[in-house]
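To keep things clear, I will list the structure first and then write my remarks on it.
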Number of protein chains: 2
Amino acid sequence: MPHIVAAAVSAGLPGKVPVADYEACPVTHAVRMLGDKWTLLVLMLLAERAHRFNELHRRVDGISQRMLTRTLRTLEDDGLVVRTVFPTIPPGVEYGLTARGRELLVPLSALADWVVRDSAA
Amino acid sequence: MPHIVAAAVSAGLPGKVPVADYEACPVTHAVRMLGDKWTLLVLMLLAERAHRFNELHRRVDGISQRMLTRTLRTLEDDGLVVRTVFPTIPPGVEYGLTARGRELLVPLSALADWVVRDSAA
DNA sequence: CCGGATCCTATAGGATACTG
DNA sequence: CAGTATCCTATAGGATCCGG
């Protein structure tokens, strides 16, 4: 199965969809990651500009240090965010979007636009 | 704040984003709902055609009856799925996408396409 | 056939304290 | 400054049984 959405729209899914296929689908992984509690907000702040860790921590009202770290790490592992260390004293760390991260904003914005237009009606 | 993604891309977010605003944003709600464990798969099966409850239960390998009910109820509350009851004996129930649900497939497919093209690289 | 009610477990996420 | 480690709680989700 290439990806579940395309498969469904074009060829149709098999009679019983194996749970392993669904779990392995990159689209499944992507929407789950986007659905994590703080992912969207962090992504939007980084879309604006690169941020220092504590700077993000101050702007994201209510997030715990632990979850900010975890959210950034996940985004980094998915290649959407890049972490840059400045060997100053004390060391500074900057988080910014990768090219991939900025590209994601295009279809994500389209989805967001639809949601807003739709929820207005 | 109209919606967080547009706000970020155009005007920029306020210095500190109030957690209440983030939680109230319809886009936040939408991506979280899409990120729920079974939402995507159920949506794709219903995109193919309308299904009976047990028919879905058989096709979605590994889902519990409880979660299928909850997933469908949530989709129905969000106006993406419609539930039709046939007063036969025993009663039959059919679930299908609403017009809104079919419209959602457009930006969702675009996102899915990007994810797949991206994860191939 | 289509669920609701109940109970249980696993995981997401928060609070706090500590370090290079 | 930018985390890691630990502990704790809340919620998502699964299993099972029951009813219209």
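Labels below follow one simple rule: chain letters A, B, ... track the order of the sequence lines, proteins then strands, and each chain is numbered from 1.
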Answer yes or no: is there an ion pair linking Arg49(B) with Glu94(B), defined by an N-O contact shorter than 4.0 Å?
no
In whole angstroms, the gap separating C1' of dA2(D) from CZ of Arg58(A) amounts to 12 Å
Counting only side-chain nitrogens and oxygens, does Arg52(B) get under 4.0 Å of the OP1 or OP2 atom of dC1(C)?
no
Atom-to-atom span, CD of Gln65(B) to C1' of dC17(D) - whole angstrom
11 Å
If you take any heavy atom closer than 4.0 Å to DNA chain D, which residues from residues 70-78 of chain A end up in contact?
Arg73(A)
Is the backbone N or O of Pro26(A) less than 3.5 Å from a side-chain atom of Ser119(B), with the two atoms forming a donor-acceptor pair by type?
no
What nucleic acid atoms does Arg32(B) come within less than 4.0 Å of, heavy atoms only: base, sugar-phosphate, or nothing?
nothing
From OH of Tyr22(B) across to P of dG13(C) the rounded distance in Å is 10 Å
Which nucleotide sits closest to the side chain of Ser64(A): dG3(C), dG14(D), dG14(C)?
dG14(C)
Taking only the side-chain nitrogens and oxygens of Tyr95(A), find out if one of them lies under 4.0 Å from OP1 or OP2 of dG3(D).
yes
So, are Glu23(B) and Lys37(A) salt-bridged, with charged N and O less than 4.0 Å apart?
no
For Leu111(A) against Leu108(B), the heavy-atom pair lying closest together
CD1-N, 4.4 Å
If you compare all heavy atoms of His57(B) against all heavy atoms of Ile63(B), which two are closest, and at what distance to 0.1 Å?
NE2-O, 3.3 Å
Angle, rounded to 10°, between the helical axes spanning five pairs at each terminus of the helix from dC1(C)-dG20(D) to dG20(C)-dC1(D)?
50°
In whole Å, what is the span from the CE atom of Met67(A) to the P atom of dT16(C)?
17 Å
What pair of heavy atoms forms the shortest contact from Val115(B) to Ala30(A), and how long is it?
CG2-CB, 3.8 Å
Are Lys37(A) and dG14(C) close enough that a side-chain N or O sits under 4.0 Å from OP1 or OP2?
yes
Nearest-angstrom distance from the residue atom CG of Asp36(A) to P of dT11(C)
14 Å
Phe86(B) near the nucleic acid: base, sugar-phosphate alone, or nothing, with a heavy-atom cut-off under 4.0 Å?
nothing
Starting at atom CD1 of Ile89(B), determine the distance to atom C1' of dC1(C), rounded to an integer number of angstrom.
12 Å
Measure from CG on Leu68(B) to C1' on dG4(C) and round the result to the nearest Å.
14 Å
Between the main-chain N or O of Lys16(B) and the side-chain N or O of Asp61(A), is there a donor-acceptor pair closer than 3.5 Å?
no
Quick check: closest heavy atoms across Val85(A) and Pro87(A), and the distance to 0.1 Å?
O-CD, 3.7 Å
Which comes earlier along DNA chain D counting from the 5' end, the contact point of Pro91(B) or that of Arg66(B), where each point is its nearest nucleotide?
Arg66(B)
Test: Arg117(B) and Glu103(A) ion pair at under 4.0 Å:
no
Testing dT4(D), dC1(D), dG3(C) for proximity to the side chain of Pro90(A), the answer is dC1(D)
In whole angstrom, what separates Asn54(A)'s CG from dA2(D)'s C1'?
6 Å
If you compare all heavy atoms of Leu80(A) against all heavy atoms of Trp114(B), which two are closest, and at what distance to 0.1 Å?
CD2-CH2, 4.3 Å
